[in-house]
Amino acid sequence: MRSVNEVERAEYATLFALFIDYHVDPHTYRDLKDLYRDYYLKFPEQWLESTVTDWEDQGFVDVSRTHSGTSALINRARYTSVLKKILSWLGGNSLSVDARKEEILSDAIPNSDVPMRNGWKWFTYQNDGLAAASESVVEVPAANRLVPINHNLPEYVEIKAGLAEVYEAVRSANDLENRDSILPSLDAANKLWEAVELRAIQVKIGIVMAVEDAYQALTGTAKAVATGLLIDSIKSFVKAKAGIDLDHL
């Protein structure tokens, strides 16, 4: 007989796997058998249908059932609610996913119930620096070096204003693709930029990559050029203040 704790762990592991998969492809329903295999889910496979149904009932997941099997996809309209659920489960305040780099950045440390695809890396940032929480990560020395952030510098003020403008541009574009997944990343980037110092890898994954995602989404709009210039400004700031080339981390 399944215990309540076992069921809850299975439910959240399933939701997390679907959440990460949404960043890989936000348009395609994921076959549950493939999801189970690719994310190395630890509970019995026959539980999948019920765990997905529970999230479907709450409106977090859209489900397709055919003769060939069951597939699911995070409900785009509920993306922010799903993120809050996951952060509560992880015990964290921030979570950014970069599917292109196969990297996750968070202030939470993943426990043994958190499913990870093979080759993906999880970076945990804390007040005392950055820790790699995935055994597949090879630390790059420059990545862990500190970047001092002087809030009185005009360059800092310019970048801070630029981050706010990009966030507003994405927020106000209701028909923008992946808008609901980009906004939380930009919000986290704005909060990171308020620090007095950051690790280089935090700037790259937590800020630059978030703005790059916004740039891709805004391509063809009036804000695209300004967003591209903001990326260059952040990279130049890090190069000038810490001597680190973010393009070569």
Side-chain angles (χ1 to χ4, degrees), residues 15-16 18-30 55-56 58-64 72-88 92-107 149 154-195 198 202-238 246-247:
L15 185 66
F16 183 85
L18 286 168
F19 179 78
I20 299 302
D21 215 65
Y22 180 85
H23 290 82
V24 176
D25 184 351
H27 306 293
T28 304
Y29 281 71
R30 191 67 142 87
W55 293 120
E56 179 187 24
Q58 296 181 56
F60 294 143
V61 171
D62 294 326
V63 178
S64 172
L73 178 70
I74 293 294
N75 181 345
R76 179 178 178 179
R78 301 296 306 279
Y79 178 93
T80 301
S81 297
V82 172
L83 177 58
K84 289 179 179 178
K85 276 280 187 184
I86 289 172
L87 285 173
S88 177
N93 298 301
S94 175
L95 180 71
S96 298
V97 180
D98 190 323
R100 292 172 299 171
K101 295 288 185 179
E102 298 186 346
E103 294 173 343
I104 299 169
L105 178 70
S106 176
D107 60 346
I149 302 177
E155 306 99 288
Y156 169 83
V157 176
E158 181 181 341
I159 291 172
K160 182 177 176 64
L163 288 170
E165 289 174 8
V166 171
Y167 180 90
E168 181 58 29
V170 174
R171 188 197 65 79
S172 59
N174 295 323
D175 59 344
L176 203 65
E177 185 176 10
N178 298 337
R179 170 179 173 271
D180 292 333
S181 61
I182 294 172
L183 280 176
S185 295
L186 287 175
D187 183 50
N190 274 280
K191 291 175 181 176
L192 277 175
W193 193 242
E194 293 173 358
L198 291 169
Q202 288 179 269
V203 179
K204 180 173 182 176
I205 298 177
I207 300 177
V208 173
M209 288 183 176
V211 181
E212 286 176 339
D213 286 343
Y215 174 75
Q216 293 295 327
L218 291 168
T219 297
T221 71
K223 290 292 184 180
V225 174
T227 305
L229 292 174
L230 175 61
I231 295 170
D232 292 338
S233 295
I234 297 169
K235 291 178 179 179
S236 296
F237 183 96
V238 173
L246 293 181
D247 288 329

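Numbering of residues begins at 1 and proceeds along the displayed sequence. Computed from a predicted model, the values in this text were never measured in an experiment.
- Side-chain atoms of D98 do not come within 3.5 Å of backbone N or O of E103 as any donor-acceptor pair.
- Counting only heavy atoms from C-beta outward, the side chains of R76 and Y22 approach each other to under 4.5 Å.
- Applying the 6.0 Å contact sphere to OH of Y215 captures no more than 12 heavy atoms from other residues, nucleotides or ligands.
- Taking the six-membered ring where the residue is Trp, H23 and F19 present perpendicular rings, their angle passing 60° and hence far from 30°.
- Residues A224 and L218 come closest through the heavy atom pair CB-O, 3.4 Å.
- Between D213 and R100 there is a salt bridge, since a side-chain N of the basic residue sits under 4.0 Å from a carboxylate O of the acidic one.
- The nearest pair of heavy atoms linking S172 to A169 is OG-O, 3.2 Å.
- In this structure, OG in S94 is found 8.5 Å from CG in D187, a value given to the nearest 0.5 Å.
- Nearest heavy atom pair, residue F16 against residue I86, reads CD1-CG2, 3.7 Å.
- The structure places CD1 of I205 at 12.0 Å from OG of S106, a figure rounded to the nearest 0.5 Å.
- Side-chain atoms of R78 come within 3.5 Å of backbone atoms of Q58 as a donor-acceptor pair (strictly under, hydrogens ignored).
- A parallel orientation is assigned to the rings of Y156 and W193, their planes being inclined by less than 30° (bins at 30° and 60°).
- Under a 3.5 Å cut-off, the side chain of T219 and the backbone N or O of Q216 do form a donor-acceptor pair.
- Atom-to-atom distance recorded for S96:OG and Q202:CD is 11.0 Å, nearest 0.5 angstrom.
- Residue V61 comes nearest to V63 through the heavy atom pair CG1-CG2, 3.9 Å, listed as atom of the first residue, atom of the second, then distance.
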- Verify side-chain contact (heavy atoms from CB on, under 4.5 Å) between I231 and V208, making sure each step is shown before the conclusion. CA-CA 6 Å; I231 295 170; V208 173; 4.2 Å; yes
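- Remark: K191 does not engage E194 in a salt bridge, criterion side-chain N to carboxylate O under 4.0 Å.
- Remark: L186 CG to E168 CD distance equals 11.5 Å, nearest 0.5 Å.
- A pairwise comparison of heavy atoms in D180 and A77 identifies OD2-CA, 4.3 Å as the closest pair.
- Between L230 and I159 the shortest side-chain heavy-atom distance falls below 4.5 Å.
- S233 places a side-chain N or O within donor-acceptor distance of the main-chain N or O of L229, the cut-off being under 3.5 Å.
- Here the closest non-hydrogen pair linking N190 and K160 is OD1-O, 4.3 Å.
- One finds the CG atom of N178 at 10.5 Å from the OG atom of S185 (value rounded to the nearest 0.5 Å).
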- Message: I'd like to know whether I207 forms a side-chain contact (heavy atoms from CB on, under 4.5 Å) with L163, so could you lay out the CA-CA distance, the side-chain angles of the two residues, the decisive distance to 0.1 Å, and finally the verdict.
- Response: CA-CA 9 Å; I207 300 177; L163 288 170; 4.2 Å; yes
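- At distances below 3.5 Å, not a single donor-acceptor pair connects side-chain atoms of K235 with backbone N or O atoms of L246.
- With rounding to the nearest 0.5 angstrom, the CG atom of N75 is 10.5 Å from the CD atom of E56.
- Counting heavy atoms from C-beta outward, L73 and L18 have side chains that stay 4.5 Å or more apart.
- Between K223 and V166, every side-chain heavy-atom pair lies at or beyond the 4.5 Å cut-off.
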